[in-house]
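Beneath this line is the structure, given in structure tokens, with notes to follow.
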Number of protein chains: 2
Amino acid sequence: MLKISKKTDYALMALQHIASVQFGDVTPGRVINTKEIAEEYHIPLELLAKVLQALSKSGLIESHNGPKGGYLLARSAEQITIAQILESIEGPLGLTDCSHEKDGEFCMQREHCNIRTPLLKVQDSIYQLLNSMTLHNMMGGTPLITIQSPSVQGVDR
Amino acid sequence: MLKISKKTDYALMALQHIASVQFGDVTPGRVINTKEIAEEYHIPLELLAKVLQALSKSGLIESHNGPKGGYLLARSAEQITIAQILESIEGPLGLTDCSHEKDGEFCMQREHCNIRTPLLKVQDSIYQLLNSMTLHNMMGGTPLITIQSPSVQGVDR
DNA sequence: GTCTACTCCGATCAAAGTAATCGGAGATCA
DNA sequence: TGATCTCCGATTACTTTGATCGGAGTAGAC
């Protein structure tokens with residue numbers, strides 16, 4: 001399935017919203033609070049709060065306490081990539097467990113494994129894709145983005 | 001995380017093994033049974049059986065009953081892509097649930113959703129990547145594959 | 001200075017998906 | 001006919017994810 005979790009969905013929606021308000025034309029620089037986002041997109045408030053906490057902890061957004069408080073992007077929308085958002089919520093991304101094995105851990109199949117190398121290449125390619133797309137790309141107008149279809153070349157093609 | 005399940009791991013290993021025996025130099029055309037693969041790669045026998053059943057059901061391999069029975073690729077290794085294998089085991093792949101909504105189903109966030117379009121593009125790109133890599137590419141020699149880094153272009157880049 | 005509204009954080013519970021197991025039926029070949 | 005294999009459905013345990021709760025700390029309003 002390769003699905004991303006709902007939390008990640010919520011994170012993407014929230015960040016997109018924050019970015020579009022913060023850098024929009026109507027009320028630029030306005031601070032956004034959790035409740036506003038939750039109501040706008042029909043997301044459970046408490047769960048969204050946890051998601052925003054995680055984003056804040058990993059430095060993508062900064063929080064402001066007290067009344068009239070809320071969240072702001074910690075850096076510009078151009079400097080926030082989808083890969084960063086994903087990793088903030090779901091941890092290091094990888095198709096396989098063996099792609100981030102620590103010392104001592106060991107995959108039983110490892111020494112006989114015939115698919116590790118090609119999978120790592122695919123994984124790397126997906127990572128580059130996610131890392132080349134920024135929050136800013138996701139915002140605004142209709143054409144949004146154009147993706148060149150990536151290609152994989154076999155040894156004898 | 002974007003992880004693939006262990007079942008899919010097993011499927012990839014099994015298919016790679018079958019392909020390399022079936023089209024290898026030592027015993028070309030030999031039929032491979034479940035036990036052989038399970039022992040070779042230390043996979044639980046019963047679980048692997050289920051995986052192979054699924055692959056057989058979706059037409060990637062064909063089964064031969066009785067003694068000396070086992071599995072063979074249903075078509076050549078060049079014609080089996082990673083995307084097909086993944087979908088056989090995990091069902092239709094998609095980053096988001098809303099990418100394969102049936103009639104009647106409905107995502108609460110849908111009409112306010114600001115990330116649907118860009119996510120579908122990313123998803124499409126990943127799909128093309130997985131679909132362009134075949135079982136044959138995964139076999140054999142060391143260089144295996146070369147992946148051109150995919151690029152995403154924003155509206156104003 | 002107190003009160004209120006908000007973020008922050010840890011702990012917990014329920015639901016869903018995945019991994020693994022079991023038992024038996026049917027097919028093929030010796 | 002019997003042994004060996006695939007096939008298939010049902011079931012159990014486990015891990016991850018989704019969602020909820022309660023309380024602590026902080027900044028601004030009065």
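Residue numbers start from 1 in every chain, and the chains themselves are labelled A, B, ... in the order their sequence lines are given, proteins ahead of strands.
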How many whole angstroms separate atom CD of A:E46 from atom P of D:dG23? 14 Å

A:L45 has an atom CG; how far is it from atom P of D:dT20, in whole Å? 10 Å

Just how far, in rounded Å, is P of C:dA19 from CG of B:D9? 9 Å

Which nucleotide sits closest to the side chain of A:N33: D:dC21, D:dG18, C:dC6? C:dC6

Hey, does A:L95 have a side-chain heavy atom less than 4.5 Å from the side chain of B:K3? no

Any side-chain heavy atom of B:P44 within less than 4.5 Å of one from B:Y10? yes

Can you tell which of D:dT20, D:dA3, C:dC9 lies closest to the side chain of B:P67? D:dA3

The answer to which of B:H64 and A:K68 contacts DNA chain D further toward the 5' end, by nearest nucleotide, is B:H64

Would you kindly give the CG-to-P distance between A:L52 and C:dC6, to the nearest whole Å? 15 Å

From C:dT7, D:dA19, D:dT6, nucleotide with atom closest to A:N65 side chain: C:dT7

Expressed in angstrom and rounded to an integer, what is the separation of B:Q53 atom CD from C:dA20 atom P? 16 Å

Step through it carefully: locate the ring centre of B:H64, locate the ring centre of B:Y71, and say whether they are under 6.0 Å apart. no

Sub-4.5 Å side-chain heavy-atom contact between B:T96 and B:Q123: yes

Counting the atoms with a prime plus P, OP1 and OP2 as sugar-phosphate, which does B:K50 contact under 4.0 Å by heavy atoms, base, sugar-phosphate, or nothing? base

Can you check whether B:T34 has a side-chain N or O nearer than 4.0 Å to OP1 or OP2 of D:dT6? yes

So does A:S5 get a side-chain nitrogen or oxygen closer than 4.0 Å to the phosphate oxygens (OP1/OP2) of D:dG18? yes

Determine: side-chain N/O of B:Y10 to OP1/OP2 of C:dT18, distance under 4.0 Å, yes or no. no

With the side chain defined as heavy atoms from C-beta on, A:L47 is closest, among C:dT7, D:dG18, C:dT21, to D:dG18

Whole Å only: how far is the CG atom of A:L72 from the P atom of C:dC6? 16 Å

Euclidean distance, atom CG of residue B:L55 to atom C1' of D:dT6 [Å, nearest integer]: 14 Å

If each of A:Y71 and B:K6 is mapped to the nucleotide of DNA chain C with the nearest heavy atom, which maps nearer the 5' terminus, i.e. the 5' end? A:Y71

Lys/Arg N to Asp/Glu carboxylate O, B:R30 vs B:E36, below 4.0 Å: yes

Whole angstrom is fine here: how far is it from CZ in A:R30 over to C1' in C:dC6? 15 Å

